[in-house]
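Report on the structure given below.
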Amino acid sequence: MTRNFQNHSRRRWAFGLIGIAVLGALALVVLLSVKVISDLRDRQSARTDNVQWTLTQVEVEFLFYLNALEAGVSDAEASTENLDLIRRRFDLFYSRIDILNTSRLFETLRSDPKFTEPLSNVSAYLEASVPTIDAGDHGLIAGLPDLYDGAQGIAPKVRELSVSAISYFASQSDHRREETALSLFQLAVLSGGLFLTLTAVSSYLLVVNRKADRRGQAIQQANQRMNTILSTSLDAVIVVNAAGTVLEFNAAAQSIFGYSEAEAKGHSIGELIVPSHLREAHNQGMERMQSGGDRHVVGKGRVQLEAMRKNGDVFPVELALQSAQAGDEEIVIGFVRDISQSVADQKELVSARDRALAGEKAKSDFLTVMSHEIRTPLNGLLGNLTLLKNTRTTKQQSQFVRNMEISGQVLQSHVDAVLDIARFEAGKLSVAHEPTDLNAMLQDLVDGQSGNAASRGNSISWQWVGGAYPHVATDAQRLRQILLNLVGNAIKFTENGRVSIEVERCEPEDQGKAHVYEVRVIDTGAGIADDEIDAIFDDFYTSDPSIGRTVGGTGLGLGIARRFALTMGGEVGAESTLGEGSVFWLRIPLQPSARDQLLEAAQINTETVRPLNLLVVEDNEINLEVICNMLALDGHCVTTAENGQVGVDKASSQRFDAILMDISMPVMDGPTAARHIRGGQGQSTDVPIIAVSANVLPDAVETIRAAGMTAFIGKPISLNALRRALSVVTRTDGQISEHAQPDPLAELKGSLGPEVFARLHAKFIAEGDELVEQLETGAFDQTDLNQIAQACHKLAGSAATFGVEEFREALVAVETAAKEHKDITNKLAAVSTAWERAKSSPAWD
C-alpha cells in the first residue's frame, strides 16, 4: 500500500509539472502572438505612410517654394500674387520642416546624424529667411535673389533629408520585419514544442487512461470476486469504521448473528454482537484504537471470545481482526467463526479423555494396590513354607510343602507380571544400567532351565555367533526376564527336541552408537501358524484356549517381554514354520562395560557397612526403638528426633553420615523436613536421607523422590533392608528403591532379640488396648478429628512394625476419614474387630 501511495504521489507531481509547463508555453504563445499582431498592426498602420508622405511633401513643398522664388526672380516686377504665393509656399515648407523638428513621429529619426545635419541646414536657411519673408513686398522683392540662391543651395540638403529619412525608415522596417520574422519563428517553434508536448501528454494520458481502464476492470473483477467470497464465506465477515459502525455484513454474518444486512449496517458493532459482560472492555478497546493506543485484538491473529446473537444467546467464537486504509479512513475487518459446536465437541472429547484417563488410572491403581496387597500375604506364605521346610516333616508332608511352594512361586510370578504391566502402562517401568556379564547370565539361564527342558525330553545350549563381547551395561533383571520368557516359551512348545540360544553382536550403524545385540532362541517344536505369528505377543493370548490344553501359562510372558524390550530400546519378534520349529529373536542396544566394574558391582551387596553416625527421625516410640536396636547391632551411633522440625534442627547443627526419616509425623512431616534440610545451610545438607514409610505405592515414592530423599524403605523394617539401604546410600548416590520383607515379625524378633521384642510387643499391646478402648468408649471428642487421626497414625506405625496388617489398615482408614472430616463411626468397629483378631493370632504366641 505504501508503494502504491508513493507512485500515486509521483504521478501527481509529474502531472503538476507538465501542467505548469503547458500553461507557461501557452502564455509564451499568447505573448508572442500579441507581439506579432502588434507588429502586423504597425505594418498596417498609416504611421509609416504618414512619415513617407510627410517627407515627400517636404520635398514637394520645397520644389513649390523654389518654383515660386524662380518665378518671382524672373519677373521684372513681381506681382503681389507672386509674392503671396512665395510667402504661402515658404510657410508650407517651413511647417513641414517644423514637423520634422518637433513631431514625435520623427523623434527616433532625429537621432540619426544623416538626417540631423541636413535638417539643421534647412532649418537654418528657413530661420534666416523669415525676416525677408515677413518683410514687406519691397523687402521681399529685394531679397528674392538671396532667397532663391539660398533655396538652390539647400536643395541637396532637402534631398538628403528625404533620402536619409527614407533610408532610416527602410532600415527600421527591415529591423521590424526581422523581429516579426523572429517572433513568428519563435511562435512557430514554441507552438511546435507545445504541440509535441501536448501530443506526448495526450499519449501519456492515453496510456494512463488505458492502464486506469485495465485497473478499473481488475478492481471491478476483484470486487466481484471479493463479493463472491464474502457472500459464500462460511465465516462471518464484518467491516466497521474506526467508530465501530458496521459498513459490511456478509451473508454468513447474517446467518450466524440473525441480523439482516439492513439491520446491521450503520449500527454500532458493540451493540449488535458484543455480550453485555464484554461490552465495557470492547468500548475501552475502541477508545484505545481511536486514540492511537495499544491494540489488544486487532492484528493479533485469531483469538477466542464470546459473541451474542440477535436473540441474546451468547456463544463462543473464533475472531480475527485486521485494520486497513479505505482512502483517508481506517477500517477494521473482522472474521468471525462460530465454534460453539467445536467447543462442545472438544468439551465432550476432553470429558471422554478424562473419563478414559480416570478409568486407566483407576485400573492402574487397582492393579498396583491389589498386586501389593496380594504380594504381602504371599510373601508371608512363602516365608513360612521356607521355615516349614527346615522343620522335621514326613516325606509326604515335604512333598506337600514343595507343591505349595511351587504354586506360591507361580502365583507370585503372575502377580509380578500383572504389577509389571501396570507399571508399564503407568509409564513407571524404570530401566537400570548396571555392569552385566552375558556369559554368566546365559549360563545361569541354561543351567536353571535345563531341568525343565529335560523334563520334556529337550536339550538346551547357548553359544556366541562371531566374537564374544559379554561385558555390557544393561538392566540385567529385565534382560534375564525377557530371555527367561523366550526360553521358557520355547521349552513349553517343544517336546523331545532341541532349544538353542545364539548371541551375536552387530556393528553399530553410526559411530558413537551402542552395539545391537541379537539373541535368537531357536527351537524344534510345533511351530506357529502364519495367522497367529502376529498375535502371540498380545496379552492373555494362548494358541490353545481350551480347558484341556496341553501347555499352561497365562499368555502374559511374551507380552511382558515385548514391553521390557521396548522400555530398554529394543524389540522382539518371531519367525516360525508350522511343524518345524520357531525362532524368537531379541534385538537390543547394549553399551560395553569394563570387567572391573562388574567385580565392583558384585561386591556392593556383600560389603559390610562401616559404623556410621546416623540420625533417626521417628515419632512412633516403638518404631524408633526397633530401628535404634537394629542399627545398634551393627555398631552404628544413633541420634533420635521425635518429629521433622527437631530432625531439621539436629541435621543443621551436626554432620551425620545418613538420616532415616519417617514420612508422616506431627509438627513437620518427612518430605517437608527433607526439603528444609536440602535447602538449608546446615552441616548435613547433602547427606543421604532414607525415607521410612508403610505407604509403598508408586505415587508415594514419587513424592519422596521429589522431596530430595535418596532411598526408600518400606515398613515393616528388616535388618537386611536397613543394611542394604545404608550400603547403597553411603557408597553411591543411590536411587529411590523399595525393599519389602518376606517375614517381618520373625526378622524383627531376630533383630531385636527375644527380650526386647517381648518388651516392645507388650508395650504395643498396651497402647493398642488403650486406643481401642478410647475409641469404643468415646473418650475422644468426636469433633476433634485431628486428635483421633494423630492417635491412629501413631499406632498404625507400630502395627506395621509388628506385621498386623488388618489392624494397621483399619487405623489408616480411620485416620484418612478423620483428616478428610468424614464420619468415622462405621470405621471404628473395624478397628476393634481387627485388634481382637490380631491379639488372637497364633503368630503372637
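- Of all heavy-atom pairs spanning A529 and L578, the tightest one is N-CD1, 3.7 Å.
- Side-chain atoms of H515 come within 3.5 Å of backbone atoms of C506 as a donor-acceptor pair (strictly under, hydrogens ignored).
- Contact of the W464 side chain with the N439 side chain is registered, since non-hydrogen atoms from C-beta on lie closer than 4.5 Å.
- In this structure, the separation between CE on M568 and CZ on R478 is 9.0 Å, given to the nearest 0.5 Å.
- One finds the OG atom of S582 at 10.0 Å from the CD atom of E575 (value rounded to the nearest 0.5 Å).
- With hydrogens and angles ignored, the 3.5 Å screen pairs no side-chain donor or acceptor of S576 with any backbone N or O of G527.
- Inter-residue side-chain proximity for F584 and L558 is flagged as met; some heavy-atom pair is nearer than 4.5 Å.
- A distance-only check finds a donor-acceptor pair linking the side chain of T394 to the backbone of Q397 [under 3.5 Å].
- Partner of V503 under the side chain to side chain contact (heavy atoms under 4.5 Å, CB included) criterion, out of L442, V465, L483: L442 alone.
- Without hydrogens or angle criteria, R456 side chain to I491 main chain gives a donor-acceptor distance under 3.5 Å.
- Formation of a donor-acceptor pair under 3.5 Å by the D523 side chain with backbone atoms of G581 is not found in this model.
- The shortest side-chain heavy-atom distance between V519 and W585 does not fall under the 4.5 Å cut-off.
- Residues L484 and L445 have side chains in contact (heavy-atom distance under 4.5 Å, counting atoms from C-beta outward).
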Residue pair L479, T436: steps toward the side-chain contact (heavy atoms from CB on, under 4.5 Å) verdict: CA-CA 10 Å; L479 180 59; T436 304; 5.5 Å; no
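- Note that CD1 of I482 and CZ of R563 are 12.5 Å apart. Values are rounded to the nearest 0.5 Å.
- The one candidate from I659, L726, I690, V687 that meets the side chain to side chain contact (heavy atoms under 4.5 Å, CB included) condition with L614 is L726.
- Under the 4.5 Å side-chain criterion, counting only non-hydrogen atoms from C-beta, T577 is not in contact with I528.
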Working for side-chain contact (heavy atoms from CB on, under 4.5 Å), residues L438 and V472: CA-CA 7 Å; L438 291 180; V472 297; 3.9 Å; yes
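- When all heavy atoms of H636 and L612 are compared, the closest pair comes out as ND1-N, 2.9 Å.
- Closest heavy-atom contact between D657 and P688: O-CD, 3.3 Å.
- Rounding to the nearest 0.5 Å places CE of M441 at 7.0 Å from OG1 of T474.
- Between R520 and E504 there is a salt bridge, since at least one side-chain N of the basic residue sits less than 4.0 Å from a carboxylate O of the acidic one.
- Taken to the nearest 0.5 Å, the CE atom of M709 stands 6.0 Å off from the CD1 atom of I689.
- No donor-acceptor distance shorter than 3.5 angstrom exists from the side chain of S727 to the backbone of R723, with no hydrogens or angles considered.
- Between I588 atom CD1 and Y517 atom OH the span is 11.5 Å, to the nearest 0.5 Å.
- Residues W835 and F764 place their aromatic rings such that the two centres sit under 6.0 Å apart.
- Under the 3.5 Å distance criterion, the side-chain polar atoms of N489 are left unmatched by any main-chain donor or acceptor of N485.
- Using modelled atom types, one finds a donor on one side chain and an acceptor on the other under 3.5 Å when comparing W462 with Q443.
- Annotation: side chain of N458 is not in contact with side chain of R498 (no heavy-atom distance under 4.5 Å).
- Side-chain contact between T524 and T494 is present, with at least one heavy-atom pair separated by less than 4.5 Å.
- Between L566 and V572 there is no side-chain heavy-atom pair separated by less than 4.5 Å.
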